Amino acid sequence: MDIYLVGMNHKTAPVEIRERIAQVCRMDANPLEQRPHCKAVEELFFLSTCNRVEFLFTTRNGSDGVQEITELMVRLIGLPKDTVLKHFYVHKNLEAVRHLFRVAAGLDSMVVGEPQILGQIKDAYREATQYRTVGVVLNRLLHKTFSVAKRVRTETNIGCHAVSVSYAAVELAKKIFGDLKDKRVMLIGAGEMAELAAEHFRGHGVRDMVVANRTVERAVELARRFHAQTVPFAHFLDALLDVDIVLCSTAAAQPILYAADLKPRMRKRKNRPLFFIDIAMPRNVDPKVHEIDNVYLYDIDDLKGIVDLNLSERRHEAEKAQFIIDTETLQFQQWLQTLDVVPTIIALRRKAESIRQAELRKTLSQLPGLGDKEKEAIGVLTESMIKKLLHDPIVFLKKKSVRESKNLYVSFTQQLFNLDQEDAPARSLDCTDG
């Protein structure tokens with residue numbers, strides 16, 4: 001039994017291919033429905049985000065399994081097979097496990113350390129369980145994936161450094177004001193950057209926001225989403241009297257705010273601190289504003305410097321995370337290797353139990369005077385003897401399962417205990433206990 005992972009992502013596919021991936025992410029039909037048509041695939045897991053499409057599966061025939069999943073991916077993305085093959089990757093066994101762990105921990109994302117991918121993997125796993133396409137191996141692997149990602153988050157600081165301009169701006173605001181819950185934020189401009197910043201502010205406890213935008217409809221839409229107020233763009237200067245933080249992100253070709261506009265309003269504010277985050281290009285705020293007392297101004301270059309520093313910190317933390325992943329990958333490999341001896345262990349236990357039951361029935365039939373309590377005691381006694389007798393052979397097999405010569409030991413065990421092939425059933429969830 002082998003584990004394969006086939007897919008493509010932002011590292012291997014250009015933007016025009018990723019646009020197709022994004023369409024796959026939004027589709028209604030689930031590829032897991034095609035599992036019965038993939039004859040070489042036993043267990044199947046499917047992950048789709050705007051920047052990646054990946055199939056994780058188990059198979060006893062790797063070449064046929066990869067071919068079936070490749071054809072399924074080609075149909076999903078809707079491009080010629082040759083085009084898809086140029087951009088996809090195939091990982092097998094240990095590399096497939098390591099790749100999945102890296103993805104879940106955020107090490108394979110466009111933004112290193114981003115946490116959203118783990119939730120997406122959990123959602124995909126939930127769908128796979130609903131379609132009943134995961135079994136012993138992938139169930140174990142995906143649960144291990146969740147624990148590895150949690151360990152990375154707990155034991156490293158990979159997610160503790162702001163790596164987007166909008167998030168860095170919010171972190172700066174926290175450093176200046178401390179708690180943001182009682183602060184009022186004004187968004188001048190209502191584009192994507194403003195929207196992202198609003199999400200971060202909301203996540204840090206800000207509940208009082210106001211939006212000013214030249215296009216009123218967009219201002220109203222953004223305000224509705226974040227339960228904010230709106231002010232006419234022509235009057236945003238007057239609104240500065242009642243806010244603490246201002247994020248500017250308009251497309252204006254010239255500054256919309258000059259020091260001469262702000263000085264009289266700072267006097268009316270009685271010099272209460274005012275924090276400007278100018279993420280527009282060209283800049284919306286005259287740099288001389290920074291010279292006014294109690295006015296703090298950061299432009300996009302300031303924030304990018306913070307982001308670059310934090311990316312460097314995340315890369316350092318990523319090295320720690322990679323060590324955790326490598327360790328956990330080897331541990332999972334050891335469990336996976338034990339599966340090769342599992343059918344023999346099950347057959348051994350089954351034969352021993354069959355003998356116990358037969359001898360128990362024979363003995364009890366010759367002792368008709370025994371009560372239920374005595375019969376139960378004899379049953380417990382024989383069960384305990386069987387378990388203790390089998391303990392050493394089973395432990396021996398499990399230890400040998402990690403060696404290349406494991407098949408030889410399996411063969412010896414089958415011959416020694418006269419285990420028929422039909423006695424060796426399919427793998428079971430509880431077959432590695434004890």
Side-chain angles (χ1 to χ4, degrees), residues 110-112 160-178 180 183-204 206 208-215 218-219 222 226 228 231 233-267 269 271-314:
M110 290 186 73
V111 178
V112 175
C160 297
H161 306 283
V163 289
S164 74
V165 170
S166 298
Y167 191 67
V170 176
E171 288 295 307
L172 275 175
K174 282 183 64 179
K175 289 181 180 180
I176 292 174
F177 292 103
L180 299 180
K183 303 305 176 187
R184 192 168 199 232
V185 174
M186 180 162 67
L187 306 174
I188 304 179
E192 183 179 346
M193 295 292 283
E195 184 175 351
L196 185 58
E199 289 180 355
H200 291 314
F201 278 123
R202 181 69 68 179
H204 282 76
V206 173
D208 192 1
M209 287 191 280
V210 59
V211 181
N213 192 59
R214 284 193 172 90
T215 305
R218 177 57 182 159
L222 189 63
F226 293 99
V231 296
F233 186 82
H235 298 288
F236 79 84
L237 287 172
D238 295 330
L240 294 176
L241 297 176
D242 301 318
V243 300
D244 305 288
I245 302 166
V246 182
L247 183 129
C248 302
S249 61
T250 78
Q254 301 293 330
I256 61 172
L257 177 65
Y258 291 89
D261 299 319
L262 188 57
K263 283 182 179 179
R265 289 173 173 82
M266 285 302 294
R267 287 194 291 269
R269 286 173 55 89
N271 286 322
R272 284 185 294 111
L274 184 57
F275 178 42
F276 285 95
I277 309 164
D278 187 359
I279 58 177
M281 186 59 63
R283 289 176 290 184
N284 287 165
V285 182
D286 176 10
K288 292 183 179 179
V289 161
H290 192 57
E291 299 172 5
I292 303 174
D293 289 341
N294 291 317
V295 174
Y296 303 88
L297 170 63
Y298 288 86
D299 62 25
I300 197 166
D301 285 343
D302 298 322
L303 297 175
K304 280 186 175 178
I306 295 170
V307 168
D308 290 343
L309 178 62
N310 287 347
L311 280 172
S312 176
E313 290 292 332
R314 282 205 179 186

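Everything numeric here is computed off the predicted structure, so don't read it as measured data. This chain uses plain numbering: 1 for the first residue, then up along the sequence.
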From [X] [atom1] over to [Y] [atom2], what is the distance, rounded to the nearest 0.5 angstrom?
| X | Y | atom1 | atom2 | result |
| --- | --- | --- | --- | --- |
| C248 | D299 | SG | CG | 11.5 Å |
| M193 | L247 | CE | CG | 8.0 Å |
| N213 | S249 | CG | OG | 8.0 Å |
| M209 | L222 | CE | CG | 7.5 Å |
| I245 | F201 | CD1 | CZ | 5.0 Å |
| Q254 | R283 | CD | CZ | 11.5 Å |

Does the side chain of [Y] come within less than 4.5 Å of [X]'s, by heavy atoms?
| X | Y | value |
| --- | --- | --- |
| L262 | L240 | yes |
| F276 | Y296 | no |
| M266 | D293 | no |
| L172 | I277 | no |
| F275 | V295 | no |
| L257 | D286 | no |
| I279 | Y298 | no |
| I188 | T250 | yes |

Are the side chain of [X] and the backbone N or O of [Y] linked by a donor-acceptor pair below 3.5 Å?
| X | Y | result |
| --- | --- | --- |
| N284 | D278 | no |
| H290 | L297 | yes |
| R272 | L241 | yes |
| D244 | R184 | yes |
| D242 | A239 | no |
| N294 | N271 | yes |
| R269 | V243 | yes |

Please report the closest heavy-atom contact between [X] and [Y], naming both atoms and the distance.
| X | Y | value |
| --- | --- | --- |
| A198 | L187 | CB-CD1, 3.8 Å |
| A252 | P282 | O-CD, 3.9 Å |
| V211 | A228 | CG2-CB, 4.3 Å |

Run the salt-bridge test on R265 and D238 with the 4.0 Å N-O cut-off and return the result as yes or no.
-> yes
So, E171 versus H204: side-chain donor-acceptor pair below 3.5 Å or not?
->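 A donor-acceptor contact under 3.5 Å links the two side chains.
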D208/K183 under side chain to side chain contact (heavy atoms under 4.5 Å, CB included): CA gap, chis, key distance, verdict | CA-CA 7 Å; D208 192 1; K183 303 305 176 187; over 6 Å; no
Please test F236 against I256 for side chain to side chain contact (heavy atoms under 4.5 Å, CB included), starting from the C-alpha separation and ending with a verdict.
-> CA-CA 10 Å; F236 79 84; I256 61 172; 4.0 Å; yes
